[in-house]
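Quantities reported herein were computed from a predicted structural model and do not represent experimental measurements.
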Amino acid sequence: MRLTQGAFSYLPDLTDAQIIKQIDYCLSQGWSVGVEWTDDPHPRNAYWELWGLPLFDVKDSSAILYEINECRRLNPEGYIKCVAFDASRGTESSASAFIVQRPKAEPGFYLERQEVDGRQIRYTIHSYAVARNPEGARYD
């Protein structure tokens, strides 16, 4: 299974040169770029862990790639993405997001089926990554 969140998720992994070009584009639009990571890319988990401090004033794509590489070094089996924020309308809304690293083996998700009142069926998505690491053991 291949996680498909953000732009370019259906394409092969981006090279560092392609990542730099995407960051340059985001910066040319006046957007701020941040680096986020997670071990639980649940589809409803829109906010991943922020890597370091926000990079709001950084206008050098190589400095942002440095932060990506540091995040890669310390989270070799995590998901890492770049998120560009557009504050031009007075809010910080995501203008672009793309994954820059995936684990070698993506654990995926499973559906839990529940029968509820009125013969309805409810489905819940669960992450195998969370299931194999019990509560309290994920961030030791």
Side-chain angles (χ1 to χ4, degrees):
M1 184 191 113
R2 184 170 169 88
L3 181 73
T4 54
Q5 288 185 17
F8 317 120
S9 291
Y10 294 95
L11 299 175
D13 293 341
L14 299 175
T15 65
D16 282 358
Q18 292 169 324
I19 292 169
I20 287 280
K21 286 184 180 184
Q22 292 305 316
I23 293 170
D24 284 339
Y25 174 77
C26 294
L27 294 174
S28 75
Q29 301 302 303
W31 301 338
S32 299
V33 178
V35 178
E36 297 179 355
W37 71 276
T38 190
D39 63 347
D40 177 23
H42 189 284
R44 291 192 176 165
N45 183 7
Y47 299 105
W48 294 4
E49 299 291 327
L50 181 62
W51 172 255
L53 297 173
L55 305 172
F56 297 133
D57 294 329
V58 177
K59 303 298 179 205
D60 180 8
S61 55
S62 61
I64 295 170
L65 184 62
Y66 172 83
E67 292 299 328
I68 290 170
N69 286 329
E70 283 298 296
C71 188
R72 285 173 172 163
R73 184 176 66 81
L74 294 175
N75 301 293
E77 288 300 313
Y79 290 89
I80 301 172
K81 70 178 174 180
C82 278
V83 182
F85 297 97
D86 180 7
S88 64
R89 295 188 178 177
T91 62
E92 282 199 16
S93 56
S94 176
S96 178
F98 53 95
I99 294 174
V100 297
Q101 175 181 294
R102 303 164 178 278
K104 289 182 180 91
E106 296 189 64
F109 305 93
Y110 65 94
L111 288 175
E112 179 181 299
R113 176 182 166 155
Q114 299 170 331
E115 295 184 27
V116 295
D117 296 338
R119 298 184 64 193
Q120 294 181 0
I121 298 173
R122 180 176 296 147
Y123 293 94
T124 306
I125 299 173
H126 294 282
S127 169
Y128 285 117
V130 173
R132 78 171 167 237
N133 293 305
E135 186 175 345
R138 290 181 62 213
Y139 301 108
D140 287 342

State, with a plain yes or no, whether a side-chain heavy atom of Glu77 is found less than 4.5 Å away from one of Asp39. no
Report yes if the side chains of Thr38 and Glu49 come closer than 4.5 Å at any heavy-atom pair, otherwise no. no
Is the shortest side-chain heavy-atom distance between Ile80 and Glu36 below 4.5 Å? no
Heavy atoms from other residues, nucleotides or ligands near NZ of Lys59 exceed 12 (cutoff 6.0 Å): yes
Quick one: are Ile23 and Leu27 in side-chain contact, heavy atoms under 4.5 Å? yes
Grouping I, L, V, M, F, W and Y whenever their side-chain heavy atoms are under 4.5 Å apart, do Ile19 and Ile64 come out in a common cluster? yes
Side-chain touch Val35/Leu55, heavy atoms, less than 4.5 angstrom: yes
The criterion is side-chain hydrogen bond (donor to acceptor under 3.5 Å, both in side chains); which residues satisfy it with Ser61, sequence neighbours excluded? Asp24
Set of side-chain hydrogen bond (donor to acceptor under 3.5 Å, both in side chains) partners for Arg119, sequence neighbours left out: none
Kindly write out the residues that satisfy side-chain hydrogen bond (donor to acceptor under 3.5 Å, both in side chains) with Trp51, not counting sequence neighbours, or none if the list is empty. Glu67
Do Leu74 and Ile68 sit in one hydrophobic cluster, given that two such residues count as connected whenever their side-chain heavy atoms are within less than 4.5 Å of each other, even indirectly? yes
The side-chain hydrogen bond (donor to acceptor under 3.5 Å, both in side chains) partners of Asp13 (sequence neighbours excluded) come to Arg2, Arg102
Tell me, do Phe85 and Ser96 make a side-chain contact under 4.5 Å, heavy atoms counted? no
Within a radius of less than 6.0 Å around CG of Leu53, do more than 12 heavy atoms belonging to other residues, nucleotides or ligands occur? no
A side-chain contact here means heavy atoms from C-beta on lying under 4.5 Å apart; do Arg72 and Val100 qualify? yes
With heavy-atom distances below 4.5 Å as the criterion, would you say the side chains of Leu14 and Phe8 are in contact? yes
With a cutoff of under 4.5 Å between side-chain heavy atoms, which Ile, Leu, Val, Met, Phe, Trp and Tyr residues group with Tyr25? Trp31
NZ or CZ of Lys81 within 45° of Trp48 ring axis and under 6.0 Å: yes
Reference residue Gln18; test side-chain contact (heavy atoms from CB on, under 4.5 Å); the match among Asp16, Thr15, Ile20: Thr15
Intermediate values then yes/no, side chain to side chain contact (heavy atoms under 4.5 Å, CB included), Arg113 and Ile121: CA-CA 7 Å; Arg113 176 182 166 155; Ile121 298 173; 3.1 Å; yes
Find the distance between OH (Tyr123) and CD (Glu112) and round it off to the nearest 0.5 Å. 11.5 Å
Can you list everything that forms a side-chain contact (heavy atoms from CB on, under 4.5 Å) with Pro76? Sequence neighbours excluded, please. none
If you group Ile, Leu, Val, Met, Phe, Trp and Tyr by side-chain heavy-atom gaps below 4.5 Å, do Trp37 and Val83 land in one group? no
Distance in Å, Lys21 NZ paired with Cys26 SG, rounded so as to fall on 0.5 Å steps: 14.5 Å
